[in-house]
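Throughout, a chain's letter reflects where its sequence line sits, starting with A, and its residues are numbered from 1.
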Amino acid sequence: MKFDTPATTNPIDQLKIIGKSTDRIDGPHKTSGLATYAYEHHDVAPSPVYGFVIGAAIAKGRITSMDTSKALAAPGVLAIVTAANAGKLGKGRFNTAKLLGGPEIEHYHQAIAVVVAETFEQARAAASLVKVDYARAQGRFDLAQAKPGATRPKDSADAVVGDFATAFAAAPVQLDETYVTPDQSHAMMEPHASIAIWNGDKLTLWTSNQMIAWSVGDVAQTLGIPKANVRLVSPFIGGGFGGKLFVRADAILAALGARAARRPVKLALTRPLIFNNTTHRPATIQRIRLGATKEGKLTAIGHGTWSGDLEGGGPEDAVQQTRLLYAGANRLMTTRLAVLDLPEGNAMRAPGEAPGLMALEVAMDELAEKLGIDPVALRILNDTQVDPEKPERPFSQRQLIQCLRTGADRFGWAKRRAPAQTRDGRWLVGVGVAAAFRNNLTMTSAARVRLDKDGVVTVETDMTDIGTGSYTIIAQTAAEMMGVPLSQVSVKLGDSSFPVSSGSGGQWGGNSSTAGVYAACVKLREAVAQKLGFDPSLAKFADSQVSAGGRSLPLAQAAGKAGLTAEDKMEYGDLAKTHQQSTFGAHFVEVGVDAATGEIRVRRMLAVCAAGRILNPKSARSQVIGAMTMGVGGALMEELVVDKRLGFFVNHDLAGYEVPVHADIPHQEVIFLDETDPMSSPMKAKGVGELGICGVAAAVANAVHNATGVRVRHYPVTLDKLLDRLPRVA
Amino acid sequence: MKAFTYERVRSPAEAAAAARKPGAKFIAGGTNLLDLMKLQIETPRHLIDVNGLALDKIDKTPDGGLRIGALVRNTDLAADKRVRRDYAVLSRALLAGASGQLRNKATTAGNLLQRTRCPYFYDTNMPCNKRMPGAGCSAIGGFTRSHAVLGTSEACIATHPSDMAVAMRALGAEVETVKPDGAVRTIPIADFHRLPGATPHLETALAPGELITAVTLPKPIGGVHIYQKVRDRASYAFALVSVAAIVQRDGSGRVAVGGVAHKPWRVEAAEAQLRRGAKPTADLLLSGAKTTPDNAYKLTLVERTLGAVLAQARA
Amino acid sequence: MPPIETPSISRRCLVAAGAASAAATASPLAATAASNADAPVLAKVSFEINGKPQTLELDTRTTLLDALREHLKLTGTKKGCDHGQCGACTVIVEGRRINSCLSLAVMHEGDRVTTIEGLGAPDRLHPMQAAFVKHDGYQCGYCTPGQICSAVAVLDEIKAGIPSHVSADLTASPEVSGEELRERMSGNICRCGAYSNIVEAITEVAGRTA
């Protein structure tokens with residue numbers, strides 16, 4: 001099915017099941033410990049052997065010698081695979097550095113060997129017996145130092161509208177500031193893990209992966225085997241946030257280890273390895289220049305961003321939102337990329353927008369202060385309903401102003417006072433606001449639906465549920481389409497033997513995967529109607545019955561003994577070209593800053609989101625509060641600290657890389673504005689999982705400024721950056 | 001983790017005998033030891049499980065203090081009614097540390113013996129004089145935001161991570177031990193942790209095979225007890241700095257500071273300044289501090305935290 | 001019908017097949033090394049897991065967590081960090097919650113251990129499990145068993161009068177408040193960020209059982 005004209009009324013609009021707050025159908029399994037994650041498939045691998053991955057001890061250079069003899073002789077050891085004995089390996093389309101390094105080392109903790117042994121304890125102990133000698137090479141580890149040599153990435157054109165330089169120079173009110181965002185880690189709770197089983201030349205990987213079809217391709221390409229010989233299974237994923245979009249060392253080394261040991265191999269990356277071995281959100285340096293009239297109308301918007309990555313890697317495109325968020329006749333956006341020899345940078349929840357808004361929305365706060373205009377009013381004043389670079393392209397829906405107004409009302413924004421004016425005991429109290437913006441992407445997605453003789457509808461698609469609630473919204477979609485209760489729907493996900501879906505990433509999964517299920521269900525409805533002798537265009541599907549023209553038959557009757565199966569995919573036409581599809585929101589945050597110690601604690605949080613139809617308000621709300629939590633982390637504590645001498649992230653465990661804990665997060669409130677977007681898909685939905693993080697950190701930083709009068713432009717905002725400017729203590 | 005043999009001992013004599021075995025190490029809660037064994041920072045070849053020793057009681061001492069068995073869990077020590085009433089600074093320090101799960105396992109002796117959380121110490125690819133004497137210190141010149149500003153050396157700038165020990169230092173606790181030959185001794189808490197000097201791998205005053213049996217607290221001294229721990233994250237994080245204070249009605253008192261050295265930092269001469277306020281006290285307390293650009297904030301932070309603590313004590 | 005295909009978990013007592021391949025002596029009280037210094041040392045441990053007596057012969061290096069996950073195939077207890085930094089491995093031993101990753105299995109001789117599987121099953125959820133479903137107190141689900149085990153233990157700790165870092169008065173009995181729950185639950189990290197919902201779920205259960 002092709003979606004190339006705006007959606008009209010369809011069965012989803014009945015909203016009998018879609019749009020209702022629905023407990024997750026996988027909830028009882030998850031809460032009783034029976035949901036099975038990658039490392040836990042004892043049913044398929046009842047007596048596996050264990051792999052343990054060794055990471056490179058240097059950031060850049062060469063292995064000069066590797067002695068595995070002691071390790072090979074250690075008890076229980078079955079095989080050790082290194083680049084020297086792995087055979088010829090390719091590199092996945094989505095990988096920058098090799099997943100098995102050596103002799104060249106591209107980054108710290110790049111995998112250089114896997115030790116396979118009878119038990120985990122034996123594999124781990126033997127790994128320490130592998131003796132590796134290195135020759136270190138000079139590396140580039142400091143973004144600030146590399147910035148002057150950064151270049152425009154191949155696929156990135158500067159966005160130029162009007163004459164920025166002249167307009168900025170002429171603007172009566174100017175802001176020119178530089179902001180720094182650090183490298184961040186996904187730090188999902190489930191480590192990257194895989195079980196590999198070879199059956200002849202066919203490989204099955206039980207793994208933890210967001211994008212099944214991409215990763216089948218990359219596993220095949222890396223191992224040099226046909227795609228048809230690779231099966232990936234990933235029914236439950238213990239968090240991804242972009243860190244499991246791609247095949248990583250766990251999958252490849254499990255496969256190589258299993259081939260070498262001729263046994264099923266399971267392995268998980270150890271937590272201290274994950275931070276440097278896998279991908280991360282790259283640090284940015286961002287210069288923002290805003291020129292405005294005295295009334296606060298933006299006349300010039302300039303945003304330049306610099307980030308680094310390994311040779312052949314990509315930039316953190318932190319100017320994306322600035323191209324679309326505010327009106328302004330003269331615009332200049334530039335993205336520059338430096339080569340760094342740090343671990344591989346890549347997507348993390350709302351890549352581009354998340355760090356971009358950390359800078360832009362603080363800049364807007366600073367401009368508001370300069371202008372003496374309320375920050376909410378400034379944003380409203382500069383709203384645009386069209387793509388500022390192509391005014392002929394309207395937004396499909398854009399309720400930014402409504403988000404800001406609704407939020408301001410609910411939050412009590414009007415009570416906001418000037419900076420450093422509000423005190424509650426030991427706490428300096430402040431509030432902050434930021435706009436949220438994230439583009440909506442639609443991806444081709446297919447599904448297979450089957451109706452059986454008991455009237456049960458089974459959906460199969462290689463879509464993944466990374467905590468987003470895919471199981472549930474897909475079941476809701478099928479139930480709504482086929483007119484059956486939720487309990488009559490069974491959903492099977494995350495298996496590459498199922499039709500190829502959009503996968504989970506870029507907040508496209510919810511809308512795209514359900515649209516694919518919609519397409520398959522439309523086909524199944526046609527087949528059912530035909531079988532029962534109804535006109536497909538008139539048949540109504542409700543209460544497990546099919547009816548038209550006064551006649552009504554049980555849905556199950558159409559299935560017969562053999563069952564009835566339909567498969568289709570949803571593809572997209574040009575609507576995303578003619579209309580800009582984005583999601584919008586506003587974040588409001590209240591913080592307290594300890595007047596003596598500078599410790600920052602979040603006291604209140606509110607998000608207002610406009611993101612198309614909300615398919616399941618319960619799980620969508622969870623997506624947003626979770627993203628808000630990660631935003632608090634980004635604002636206040638998360639930073640992969642680079643040792644610029646040695647070229648690695650120093651704080652590479654969960655004690656050193658702090659993410660928010662319960663005590664950091666107050667009760668959170670989320671409001672979804674009523675919206676349907678007929679340009680996005682027949683579901684009329686868009687994504688929320690990334691919108692929720694966009695702007696949060698800036699709202700927190702702005703609240704800290706409102707509490708203390710101190711402006712911090714270098715994330716995370718930690719107490720040591722405030723101390724010298726806090727009020728005197730007796 | 002290296003393979004090890006394992007035995008449970010039932011008496012201090014058994015423990016002492018077992019401690020003579022090569023590569024022997026005592027294990028109680030195990031929350032730090034196992035963490036380090038997994039990384040092969042600790043590589044015992046024989047583990048002596050001391051949990052069967054009856055050292056899990058808190059008893060009154062003849063002079064009105066408390067004798068805390070080495071195996072008393074952090075949760076139980078913090079929750080003990082006498083500790084909450086008479087040594088609140090100790091309860092507060094314990095409750096500010098780790099997590100509920102860890103406090104349920106971690107013991108009094110183990111808390112004292114936990115090792116630094118320096119990230120370079122934890123990464124066995126990095127030279128570290130604690131792990132391998134003479135290898136060099138990779139923290140110096142690296143990321144040092146959490147590192148020590150007092151009592152450091154050219155060889156090591158690690159801090160000791162315990163909260164409990166900081167409160168014990170303010171309380172003037174003593175550590176009771178037994179040596180493999182059966183000899184018992186008492187070590188003042190002030191002398192228990194060692195500063196790095198040229199031998200950062202020697203972290204405490206314990207001799208090889210010496211077992212902590214108890215920590216004793218002198219009789220209560222009254223006063224307002226405060227433990228203020230400063231950290232980025234609101235819970236489940238090590239201290240950037242912490243202040244344990246016992247302040248008397250007349251404004252005199254005791255102060256020990258954590259997160260600044262490889263031992264709880266207490267300077268009796270500084271305490272004489274307490275009535276004059278935080279600044280003169282901190283000036284003396286922190287005299288001789290050596291900072292890096294990353295951790296220089298700790299000096300300001302100690303002074304300001306002390307100021308807040310004194311204000312709270314007055315209130 | 002169950003909406004999702006999930007393989008049933010075998011609760012049979014299983015002895016490690018792999019570990020048994022190396023020879024060593026084992027006794028309940030002492031395990032001694034074979035001549036090869038690197039050879040695994042085996043030791044026997046008997047304990048009660050979710051009400052069932054179990055005896056395993058294990059490499060002494062095996063943590064309680066790996067004994068549960070790999071040897072007893074009770075994979076509800078999760079390995080998030082293996083270093084006591086996340087709480088995903090939380091189980092209840094002798095009524096107290098601990099990090100099973102930082103505890104050797106052989107040190108639990110005679111202990112009663114409750115894991116998430118022992119609290120309830122999909123068709124008979126423990127009130128805390130049901131409240132997590134109702135309040136959407138999870139997303140990816142990986143930290144969830146640890147959160148639930150911790151939550152059950154936290155309510156017991158409050159009932160037992162154990163104070164916390166945020167208890168205003170150390171000598172008074174602690175209350176069930178949002179602030180208390182947040183502090184006490186802080187040893188369980190949820191990167192998906194379900195904290196706000198988790199506290200609501202626990203609060204509801206506390207109200208029901210109070």
Side-chain angles (χ1 to χ4, degrees), chain A residues 23-37 40 42-43 47 49 74-76 118-122 125 187-190 236-239 268 270-271 456 466-468 471 475 489-492 618-619 622 625-630 653-655 659-663 665 667-668, chain C residues 1 3-7 9 16-19 21-22 36 38-40 59 61-62 66 70 73 75-77 79-83 85-86 88 115-117 120-122 125 129 132-134 136 138-145 148 178 182-183 185-186 188-189 191-197 199:
Chain A
D23 288 351
R24 288 170 203 247
I25 62 172
D26 48 342
H29 279 77
K30 281 184 171 172
T31 56
S32 56
L34 298 183
T36 315
Y37 297 81
E40 302 169 353
H42 286 294
D43 54 330
S47 52
V49 294
E118 293 283 354
T119 70
F120 170 66
E121 291 76 20
Q122 290 170 337
M188 72 298 277
M189 298 313 297
E190 181 204 19
F236 288 98
I237 295 145
T270 61
R271 183 59 67 176
V456 172
I466 59 172
T468 39
Y471 277 110
V489 181
S490 170
V491 179
K492 297 179 179 179
K618 186 173 262 190
S619 54
S622 285
I625 65 168
M628 291 156 78
T629 301
M630 198 177 275
D653 61 22
L654 284 173
V659 300
V661 296
H662 273 276
I665 302 299
H667 173 76
Q668 295 163 317
Chain C
M1 63 163 295
I4 296 156
E5 300 284 306
T6 306
I9 303 293
S21 63
N36 180 349
D38 291 325
D59 188 320
R61 292 171 290 189
T62 311
D66 286 329
E70 301 306 311
K73 306 200 190 283
T75 53
T77 307
K79 186 184 280 190
C81 72
D82 217 15
H83 287 277
Q85 300 163 353
C86 80
T115 71
I116 190 70
E117 293 93 342
L125 293 177
Q129 292 170 321
F132 270 60
V133 175
K134 179 180 165 192
D136 215 38
Y138 53 79
Q139 289 176 42
C140 79
Y142 200 76
C143 75
T144 310
I148 291 171
R182 281 191 282 272
E183 163 58 23
M185 289 297 295
S186 283
N188 291 86
I189 292 175
R191 184 57 161 162
C192 295
Y195 295 134
S196 185
N197 289 352
V199 168

Tell me, side chain or backbone of C:Thr144 under 4.5 Å from chain A's heavy atoms, or both, or neither?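 The side chain, not the backbone.
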Is C:Ile189 in contact with chain A via its backbone, its side chain, both, or neither, using a 4.5 Å heavy-atom distance?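 Contact with chain A involves both backbone and side-chain atoms of C:Ile189.
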Could you have a look at A:Lys618, A:Gln668, A:His667, A:His662 and say which one has the most heavy-atom pairs with chain C under 4.5 angstrom?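 Option with the top pair count is A:His662.
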Please round to the nearest 0.5 Å and tell me the distance separating atom [atom1] of [X] and atom [atom2] of [Y].
X        : Y        : atom1 : atom2 : answer
C:His83  : A:Asp653 : NE2   : CG    : 7.5 Å
C:Glu117 : A:Leu34  : CD    : CG    : 6.5 Å
C:Leu125 : A:Ser32  : CG    : OG    : 6.0 Å
A:His42  : C:Lys73  : NE2   : NZ    : 5.0 Å
A:Met189 : C:Asn188 : CE    : CG    : 8.5 Å

Carefully, step by step, assess A:Asp23 and C:Lys134 under the rule salt bridge (charged side-chain N to carboxylate O under 4.0 Å, His left out). CA-CA 6 Å; A:Asp23 288 351; C:Lys134 179 180 165 192; over 6 Å; no
What class does the angle between the rings of A:Tyr37 and C:Tyr142 fall in, given that below 30° is parallel, 30 to 60° is tilted and above 60° is perpendicular?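 A:Tyr37 and C:Tyr142: perpendicular rings.
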On a heavy-atom basis, which atom in [X] and which in [Y] lie closest, and how many Å separate them?
X        : Y        : value
C:Cys140 : A:Ile466 : CB-O, 3.5 Å
A:Thr31  : C:Tyr138 : CG2-CE2, 3.8 Å
C:Gly193 : A:Thr629 : O-OG1, 3.6 Å
C:Ala194 : A:Ile625 : CA-CD1, 4.4 Å
A:Lys30  : C:Gln139 : NZ-O, 2.6 Å
C:Tyr195 : A:Val661 : OH-CA, 3.4 Å

Find the one option among C:Thr115, C:Asp66, C:Val199 whose heavy-atom pairs under 4.5 Å with chain A are most numerous.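 Most heavy-atom pairs within the cutoff with chain A belong to C:Asp66.
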Could you check which of C:Gly76, C:Pro145, C:Cys81 has the highest count of heavy-atom pairs closer than 4.5 Å to chain A?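 If we count pairs closer than 4.5 Å to chain A, C:Cys81 comes out on top.
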Do C:Asp82 and A:Arg271 meet the salt-bridge criterion of a basic N to acidic O distance under 4.0 Å?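 A salt bridge is absent here (no side-chain N lies under 4.0 Å from a carboxylate O).
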Please look at [X] and chain C and tell me whether the side chain, the backbone, both or neither of the residue comes under 4.5 angstrom of a heavy atom of that chain.
X        : result
A:Ala74  : neither
A:Ala475 : neither
A:Ser619 : both
A:Ile237 : backbone

Quick one: does A:Arg24's side chain get under 4.5 Å of C:Asp136's, heavy atoms only?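 When only atoms from C-beta onward are counted, C:Asp136 and A:Arg24 do touch, with a gap below 4.5 Å.
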Heavy-atom check, side chain of A:Ser622 versus side chain of C:Asn197, under 4.5 Å: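 In short, these two side chains touch, coming nearer than 4.5 Å.
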Taking it one step at a time, do A:Val659 and C:Arg191 satisfy side-chain contact (heavy atoms from CB on, under 4.5 Å)? CA-CA 7 Å; A:Val659 300; C:Arg191 184 57 161 162; 3.4 Å; yes
